[in-house]
Amino acid sequence: MRASLIQIEVDPDESVESRRVRAGSLVREQRGSDLVVLPELWPVGAFAFESFGTEAEPLEGPTFEAMSAAALDAGVWLHAGSIVERDPDGPLYNTSLIFSPDGELARTYRKIHRFGFDKGEAVLMSAGDELVTLTLPETKVGVATCYDLRFPELFRALVDAGAQTLVIPAGWPARRRAHWSLLARARAVENQTYVLACGTAGTHAGVEQAGYSVVVDPWGEVLAEAGAAEEVLTVDLDMARVAKTREEFPALKDRVLGR
Ligand SMILES: NC(=O)CCC(=O)C(=O)O
């Protein structure tokens with residue numbers, strides 16, 4: 001399975017609409033990949049809290065339209081990262097959109113763990129409460145978003161639901177880049193899954209983004225890692241590696257708690 005991670009730059013000098021068009025073109029350039037991934041909140045920026053209200057979209061809003069068309073044109077499964085979703089009842093959610101190669105919405109995921117403690121996303125947005133997995137032709141995917149990466153119990157639940165590949169769009173800051181790289185590998189090792197972790201580049205709302213998107217195999221080896229700037233990572237994944245790793249080193253079978 002070929003996967004492409006688009007580590008797009010989020011820069012306040014570029015309009016949201018221009019970035020949407022550019023993201024669509026970048027997705028179309030990945031024709032030939034099976035799965036394409038964009039980061040968290042790339043239209044507005046994960047730390048652009050002051051714009052969340054004005055840039056919020058209905059689920060089937062402009063980002064949905066642009067990404068559905070891009071998935072169809074490229075003929076790829078597209079995890080289109082997340083948007084600020086305005087629910088018809090009023091609350092905002094950090095909602096990921098996943099499209100099939102025919103441009104249909106296959107899944108949504110509302111971020112469960114909101115970042116910011118007593119400010120930012122944690123107070124402006126509502127939390128999701130549903131685990132989301134999706135069966136692709138070659139692998140079962142479990143999804144999570146950014147700060148979720150710090151909560152291993154979520155990933156274990158995804159593995160219990162059958163996930164073999166964990167897809168994690170993010171808008172992770174540069175100052176905690178070491179945590180990002182460490183946790184992405186930890187989630188792969190402890191769950192014996194592929195991890196596709198796609199962040200943003202650039203600086204928005206005064207927060208420099210880490211970049212360093214990464215693809216980790218089920219043994220914890222880094223197969224590809226981006227730098228800090230905008231970049232597309234493309235990697236061929238051998239899906240048999242998940243079962244092989246779990247068979248040769250059956251640690252998941254030795255669980256005592258939480259089964
Ligand atoms: N957008 C986020 O969830 C940021 C998470 C983060 O900065 C951290 O966990 O550290």
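- Checking Thr193 against Arg187 by side-chain atom types alone, no donor-acceptor pair falls below 3.5 Å.
- Here the closest heavy-atom approach between residue Val222 and residue Glu225 is recorded as CG1-CB, 4.0 Å.
- Between the side chains of Ser4 and Ser33, at least one donor N or O sits under 3.5 Å from an acceptor N or O.
- Trp172 and Trp180 have tilted rings, their planes meeting at an angle from 30° to 60° on a 0 to 90° scale.
- A centroid separation of 6.0 Å or more is found between the aromatic rings of Phe151 and Phe155.
- Across Ala80 and Met67, no two heavy atoms sit closer than the pair CB-CG, 3.6 Å.
- For the residue pair Asn191/Arg156, the side-chain donor-acceptor check at 3.5 Å is satisfied.
- Arg107 and His79 share no side-chain donor-acceptor pair at under 3.5 Å.
- No hydrogens or angles considered: nothing links the side chains of Ser51 and Glu55 as a donor-acceptor pair under 3.5 Å.
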Where do Thr108 and Leu97 land on the side-chain contact (heavy atoms from CB on, under 4.5 Å) test, with the steps shown first?
CA-CA 5 Å; Thr108 58; Leu97 308 173; 4.2 Å; yes
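- Remark: the Thr139 side chain and the Thr165 side chain contain an N/O donor-acceptor pair separated by less than 3.5 Å.
- With Leu131 as the fixed residue, the side chain to side chain contact (heavy atoms under 4.5 Å, CB included) test singles out one of Leu158, Val143, Asp160: Leu158.
- Of all non-hydrogen atoms in Leu233 and Glu231, the two that sit nearest each other are CD2-OE2, 3.7 Å.
- A salt bridge (charged side-chain N to carboxylate O under 4.0 Å, His left out) check over residues 35-45, counting only residues at least two apart or in different chains, returns the pairs Glu40-Lys111.
- Defined by atom type and a distance below 3.5 Å, a donor-acceptor pair is present between the side-chain atoms of Tyr109 and Asp148.
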